[in-house]
Amino acid sequence: YHPGLKDMFKGDGTSMLCQPAVIANALIQDYIENPKAKTLSLKGLSQDGTQIDANILIRQLFTCMKGNRDLGTNTTGVANCTVNLLRSAGLDYEVRIVTNWPKENFASLDESVVLESRVPTGQDVKSYLRKGYHISGLIKFYRMGKDGNWFYTEGHATSITGYSRQKNWPDDLLNVYMAD
(Lines give C-alpha, C1' and ligand atoms only; values in the text may rest on other atoms or scores of the structure.)
Protein backbone atom coordinates (compact mmCIF):
# COMPACT_ATOMS: atom_id res chain seq x y z
CA TYR A 1 0.00 0.00 0.00
CA HIS A 2 2.92 2.38 -0.54
CA PRO A 3 1.65 5.73 -1.90
CA GLY A 4 4.23 5.51 -4.69
CA LEU A 5 2.25 2.61 -6.15
CA LYS A 6 -1.21 4.12 -5.70
CA ASP A 7 -1.76 4.45 -9.46
CA MET A 8 -1.63 0.64 -9.66
CA PHE A 9 -4.35 0.04 -7.02
CA LYS A 10 -7.92 -0.98 -7.84
CA GLY A 11 -10.45 1.81 -8.20
CA ASP A 12 -11.55 1.27 -4.58
CA GLY A 13 -7.96 1.76 -3.37
CA THR A 14 -7.18 -1.91 -2.78
CA SER A 15 -3.66 -3.06 -3.61
CA MET A 16 -3.47 -6.22 -5.70
CA LEU A 17 0.33 -6.26 -5.56
CA CYS A 18 0.93 -8.97 -2.95
CA GLN A 19 2.48 -11.55 -5.30
CA PRO A 20 4.89 -9.08 -6.95
CA ALA A 21 5.85 -7.89 -3.44
CA VAL A 22 6.56 -11.47 -2.27
CA ILE A 23 8.75 -12.19 -5.29
CA ALA A 24 10.47 -8.78 -5.02
CA ASN A 25 11.43 -9.56 -1.41
CA ALA A 26 12.83 -12.96 -2.42
CA LEU A 27 14.83 -11.51 -5.34
CA ILE A 28 16.23 -8.68 -3.22
CA GLN A 29 17.24 -11.16 -0.52
CA ASP A 30 18.97 -13.37 -3.11
CA TYR A 31 20.68 -10.37 -4.69
CA ILE A 32 22.08 -9.33 -1.29
CA GLU A 33 23.05 -12.79 -0.01
CA ASN A 34 24.07 -14.77 -3.11
CA PRO A 35 26.95 -13.45 -5.24
CA LYS A 36 25.63 -15.41 -8.25
CA ALA A 37 22.36 -13.44 -8.06
CA LYS A 38 24.19 -10.20 -8.94
CA THR A 39 23.36 -11.12 -12.57
CA LEU A 40 19.62 -10.61 -11.96
CA SER A 41 18.16 -7.79 -14.02
CA LEU A 42 16.28 -5.91 -11.31
CA LYS A 43 14.86 -2.52 -12.17
CA GLY A 44 15.31 0.14 -9.52
CA LEU A 45 18.83 -1.01 -8.64
CA SER A 46 21.30 1.82 -8.01
CA GLN A 47 24.36 2.18 -10.26
CA ASP A 48 26.66 0.75 -7.60
CA GLY A 49 24.23 -2.11 -6.79
CA THR A 50 23.93 -1.19 -3.12
CA GLN A 51 20.35 0.13 -3.06
CA ILE A 52 17.10 -0.71 -4.75
CA ASP A 53 13.84 1.15 -5.18
CA ALA A 54 11.41 -1.68 -4.40
CA ASN A 55 8.50 0.23 -5.97
CA ILE A 56 10.26 0.21 -9.35
CA LEU A 57 10.98 -3.51 -8.96
CA ILE A 58 7.34 -4.22 -8.06
CA ARG A 59 6.25 -2.37 -11.21
CA GLN A 60 8.70 -4.48 -13.26
CA LEU A 61 7.39 -7.70 -11.74
CA PHE A 62 3.71 -6.75 -12.07
CA THR A 63 4.26 -6.16 -15.80
CA CYS A 64 6.34 -9.33 -16.17
CA MET A 65 3.61 -11.31 -14.36
CA LYS A 66 0.96 -9.88 -16.70
CA GLY A 67 -0.87 -8.44 -13.71
CA ASN A 68 -4.20 -6.70 -13.88
CA ARG A 69 -4.92 -3.70 -11.69
CA ASP A 70 -8.36 -5.03 -10.72
CA LEU A 71 -7.60 -8.76 -10.56
CA GLY A 72 -3.96 -8.85 -9.48
CA THR A 73 -1.73 -11.66 -10.72
CA ASN A 74 -2.17 -15.39 -11.12
CA THR A 75 0.17 -18.18 -10.12
CA THR A 76 1.08 -19.13 -13.70
CA GLY A 77 2.09 -15.54 -14.49
CA VAL A 78 4.11 -15.33 -11.27
CA ALA A 79 5.94 -18.61 -11.94
CA ASN A 80 6.62 -17.79 -15.61
CA CYS A 81 7.95 -14.34 -14.73
CA THR A 82 10.21 -15.79 -12.04
CA VAL A 83 11.54 -18.42 -14.45
CA ASN A 84 12.23 -15.77 -17.11
CA LEU A 85 14.14 -13.53 -14.67
CA LEU A 86 16.24 -16.39 -13.31
CA ARG A 87 16.86 -17.91 -16.74
CA SER A 88 17.90 -14.57 -18.29
CA ALA A 89 20.38 -14.11 -15.41
CA GLY A 90 21.92 -17.50 -16.18
CA LEU A 91 21.05 -18.81 -12.73
CA ASP A 92 20.50 -22.44 -11.77
CA TYR A 93 17.02 -22.49 -10.27
CA GLU A 94 13.94 -24.49 -9.51
CA VAL A 95 10.49 -22.98 -9.49
CA ARG A 96 7.97 -25.34 -7.95
CA ILE A 97 4.21 -25.09 -7.42
CA VAL A 98 2.52 -27.38 -4.91
CA THR A 99 -1.25 -26.96 -5.14
CA ASN A 100 -4.51 -28.83 -5.08
CA TRP A 101 -5.83 -26.67 -7.93
CA PRO A 102 -6.67 -28.51 -11.17
CA LYS A 103 -3.82 -28.92 -13.67
CA GLU A 104 -6.00 -27.15 -16.25
CA ASN A 105 -5.33 -23.89 -14.36
CA PHE A 106 -1.70 -24.13 -15.47
CA ALA A 107 -2.04 -24.73 -19.21
CA SER A 108 0.44 -21.98 -20.14
CA LEU A 109 2.98 -22.79 -17.41
CA ASP A 110 6.63 -22.80 -18.50
CA GLU A 111 7.77 -26.39 -18.99
CA SER A 112 10.64 -25.94 -16.52
CA VAL A 113 8.26 -25.28 -13.60
CA VAL A 114 7.71 -28.35 -11.40
CA LEU A 115 3.98 -28.70 -10.77
CA GLU A 116 2.90 -31.01 -7.94
CA SER A 117 -0.86 -31.49 -7.96
CA ARG A 118 -1.60 -32.32 -4.35
CA VAL A 119 -2.50 -30.67 -1.08
CA PRO A 120 0.52 -28.82 0.36
CA THR A 121 1.56 -30.04 3.82
CA GLY A 122 3.47 -28.82 6.81
CA GLN A 123 6.24 -31.22 5.79
CA ASP A 124 6.56 -29.23 2.53
CA VAL A 125 7.13 -26.04 4.53
CA LYS A 126 9.75 -27.70 6.75
CA SER A 127 11.55 -29.44 3.88
CA TYR A 128 11.64 -26.52 1.43
CA LEU A 129 12.73 -23.98 4.02
CA ARG A 130 15.58 -26.32 5.09
CA LYS A 131 16.62 -26.58 1.43
CA GLY A 132 16.76 -22.77 1.14
CA TYR A 133 13.68 -22.23 -0.99
CA HIS A 134 11.64 -19.06 -0.86
CA ILE A 135 8.02 -20.00 -0.16
CA SER A 136 5.03 -17.97 -1.23
CA GLY A 137 1.88 -19.01 0.56
CA LEU A 138 -1.44 -18.23 -1.05
CA ILE A 139 -4.34 -17.72 1.32
CA LYS A 140 -7.88 -17.89 -0.01
CA PHE A 141 -10.82 -16.37 1.81
CA TYR A 142 -14.34 -17.80 1.55
CA ARG A 143 -17.76 -16.72 2.78
CA MET A 144 -20.90 -18.76 3.19
CA GLY A 145 -23.70 -17.68 0.91
CA LYS A 146 -27.37 -17.51 1.79
CA ASP A 147 -27.82 -20.88 0.08
CA GLY A 148 -25.35 -22.51 2.53
CA ASN A 149 -22.58 -22.93 -0.04
CA TRP A 150 -19.11 -21.42 0.36
CA PHE A 151 -17.82 -19.01 -2.26
CA TYR A 152 -14.41 -17.50 -2.84
CA THR A 153 -14.18 -13.80 -2.00
CA GLU A 154 -10.50 -12.89 -2.28
CA GLY A 155 -6.95 -14.09 -1.78
CA HIS A 156 -3.60 -12.93 -0.51
CA ALA A 157 0.05 -13.99 -0.92
CA THR A 158 2.65 -13.85 1.84
CA SER A 159 6.22 -15.04 2.27
CA ILE A 160 6.53 -18.03 4.56
CA THR A 161 9.82 -17.40 6.32
CA GLY A 162 9.94 -19.99 9.10
CA TYR A 163 8.06 -22.28 11.42
CA SER A 164 8.03 -23.69 14.92
CA ARG A 165 6.22 -26.51 16.60
CA GLN A 166 5.71 -28.08 19.99
CA LYS A 167 7.35 -31.47 20.55
CA ASN A 168 4.04 -33.12 21.42
CA TRP A 169 2.23 -31.86 18.31
CA PRO A 170 1.43 -34.08 15.34
CA ASP A 171 4.16 -33.88 12.69
CA ASP A 172 2.12 -31.72 10.33
CA LEU A 173 0.99 -29.12 12.89
CA LEU A 174 3.11 -25.97 12.71
CA ASN A 175 3.21 -22.34 13.73
CA VAL A 176 4.10 -20.69 10.43
CA TYR A 177 5.96 -17.37 10.34
CA MET A 178 4.96 -15.11 7.48
CA ALA A 179 6.16 -11.75 6.21
CA ASP A 180 3.50 -9.58 4.65
Side-chain angles (χ1 to χ4, degrees), residues 1-2 5 8 15-46 49-67 72-101 105-106 108-140 155-165 172-180:
Y1 281 98
H2 190 278
L5 296 169
M8 298 178 69
S15 169
M16 303 297 282
L17 303 172
C18 55
Q19 290 198 91
V22 165
I23 300 302
N25 286 333
L27 293 172
I28 291 169
Q29 181 181 352
D30 283 349
Y31 184 86
I32 292 168
E33 296 175 1
N34 181 352
K36 292 179 182 178
K38 301 289 185 207
T39 59
L40 283 166
S41 178
L42 306 179
K43 291 187 177 177
L45 196 59
S46 65
T50 61
Q51 297 180 28
I52 190 160
D53 183 330
N55 284 358
I56 295 172
L57 178 57
I58 287 172
R59 287 177 185 279
Q60 172 191 4
L61 295 173
F62 190 73
T63 300
C64 175
M65 294 171 182
K66 299 182 172 132
T73 55
N74 67 49
T75 302
T76 296
V78 173
N80 289 345
C81 173
T82 304
V83 163
N84 290 334
L85 284 168
L86 297 171
R87 185 181 291 150
S88 67
L91 296 172
D92 184 26
Y93 64 87
E94 180 180 78
V95 174
R96 177 180 297 267
I97 298 171
V98 180
T99 182
N100 60 344
W101 297 341
N105 289 10
F106 302 97
S108 60
L109 192 62
D110 187 279
E111 64 186 27
S112 71
V113 176
V114 177
L115 178 62
E116 293 187 40
S117 296
R118 60 180 177 78
V119 174
T121 67
Q123 186 59 40
D124 290 321
V125 171
K126 294 187 300 188
S127 172
Y128 291 126
L129 285 174
R130 277 191 218 121
K131 292 176 184 176
Y133 280 72
H134 294 284
I135 301 176
S136 173
L138 298 177
I139 303 167
K140 289 194 150 200
H156 185 59
T158 65
S159 297
I160 298 175
T161 58
Y163 68 91
S164 67
R165 55 183 304 281
D172 225 26
L173 185 60
L174 305 174
N175 282 322
V176 178
Y177 299 102
M178 298 185 290
D180 191 20

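For the numbers below, each heavy atom of this structure counts, side chains included, while hydrogens, waters and symmetry mates do not. Everything numeric here is computed off the predicted structure, so don't read it as measured data.
- One distance of note links OH of Tyr128 with CZ of Arg96; it measures 3.5 Å at 0.5 Å rounding.
- What you find for Asp124 and Val119 is that their closest heavy atoms are OD2-O, 4.3 Å.
- Residues satisfying the side-chain hydrogen bond (donor to acceptor under 3.5 Å, both in side chains) criterion with Arg130, sequence neighbours excluded, are Tyr163.
- For Tyr177, there are no ring pair (Phe, Tyr, Trp, His ring centres under 6.0 Å) partners, not counting sequence neighbours.
- Once rounded to the nearest 0.5 Å, the distance linking SG of Cys18 with CD1 of Ile58 reads 10.5 Å.
- Of the N and O atoms on the side chains of Ser112 and Arg87, at least one donor lies less than 3.5 Å from an acceptor on the other residue.
- Ser159 is not listed as a side-chain neighbour of Met178, based on a closest heavy-atom distance of 4.5 Å or more.
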Could you walk me through whether Leu61 and Leu85 pass the side-chain contact (heavy atoms from CB on, under 4.5 Å) test, one step at a time?
-> CA-CA 9 Å; Leu61 295 173; Leu85 284 168; 3.3 Å; yes
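- Side-chain contact between Tyr1 and Leu17 is absent, with no heavy atoms from C-beta onward closer than 4.5 Å.
- In this structure the side chain of Val83 never reaches within 4.5 angstrom of the side chain of Cys81, judged on heavy atoms.
- For the residue pair Asn25 and His134, no side-chain donor N or O sits within less than 3.5 Å of a side-chain acceptor on the partner.
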Show the numbers, then the answer: is there a side-chain contact (heavy atoms from CB on, under 4.5 Å) between Thr99 and Thr75?
-> CA-CA 10 Å; Thr99 182; Thr75 302; over 6 Å; no
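- The minimum heavy-atom distance linking Thr39 with Ala89 is given by the pair OG1-O, 2.8 Å.
- Crowding of Lys43 atom NZ: a count of heavy atoms from other residues, nucleotides or ligands under 6.0 Å not exceeding 12.
- Ser127 contributes no side-chain N or O that, together with a main-chain N or O of Gln123, makes up a donor-acceptor pair within less than 3.5 Å.
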Evaluation steps, side-chain contact (heavy atoms from CB on, under 4.5 Å), between Val114 and Val95 = CA-CA 6 Å; Val114 177; Val95 174; over 6 Å; no
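- Under 4.0 Å is where a charged nitrogen must lie from a carboxylate oxygen, and between Asp30 and Lys36 no such pair does.
- In this structure, the separation between CG on Asn105 and OG1 on Thr76 is 7.5 Å, given to the nearest 0.5 Å.
- Rounding to the nearest 0.5 angstrom, the gap separating the CG atom in Leu45 from the CG atom in Leu57 is 9.0 Å.
- Nearest heavy atoms, Ser108 versus Asn80: O-ND2, 3.0 Å.
- In this structure, the side chains of Met16 and Thr73 stay at 4.5 Å or more apart for every pair of heavy atoms.
- Pairing each heavy atom of Tyr31 with each of Lys38, the nearest pair is O-NZ, 2.7 Å.
- Expressed to the nearest 0.5 Å, how far CZ of Phe106 lies from CG of Asn74 amounts to 8.5 Å.
- Taking both residues in full, the closest heavy atoms of Ala157 and Asp180 are given as O-OD1, 4.1 Å, listed atom of the first, atom of the second, then distance.
- Screening residues 51-60 for side-chain hydrogen bond (donor to acceptor under 3.5 Å, both in side chains), with sequence neighbours left out, gives His2-Asn55, Asp7-Arg59.
- Residues Leu174 and Lys126 are in side-chain contact: their nearest non-hydrogen atoms beyond the backbone lie under 4.5 Å apart.
- Each of Thr158, Val176, Ile160 was checked for a side-chain contact (heavy atoms from CB on, under 4.5 Å) with Ile135, and the lone residue meeting it is Ile160.
- Considering every non-hydrogen atom in both Thr161 and Leu129, the closest pair reads C-CD1, 4.1 Å.
- No more than 12 heavy atoms of other residues, nucleotides or ligands lie within 6.0 Å of NZ in Lys66, so this atom counts as exposed by the packing criterion.
- One distance of note links OG1 of Thr82 with CD1 of Ile23; it measures 4.0 Å at 0.5 Å rounding.
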Could you walk me through whether Arg165 and Leu173 pass the side-chain contact (heavy atoms from CB on, under 4.5 Å) check?
-> CA-CA 7 Å; Arg165 55 183 304 281; Leu173 185 60; over 6 Å; no
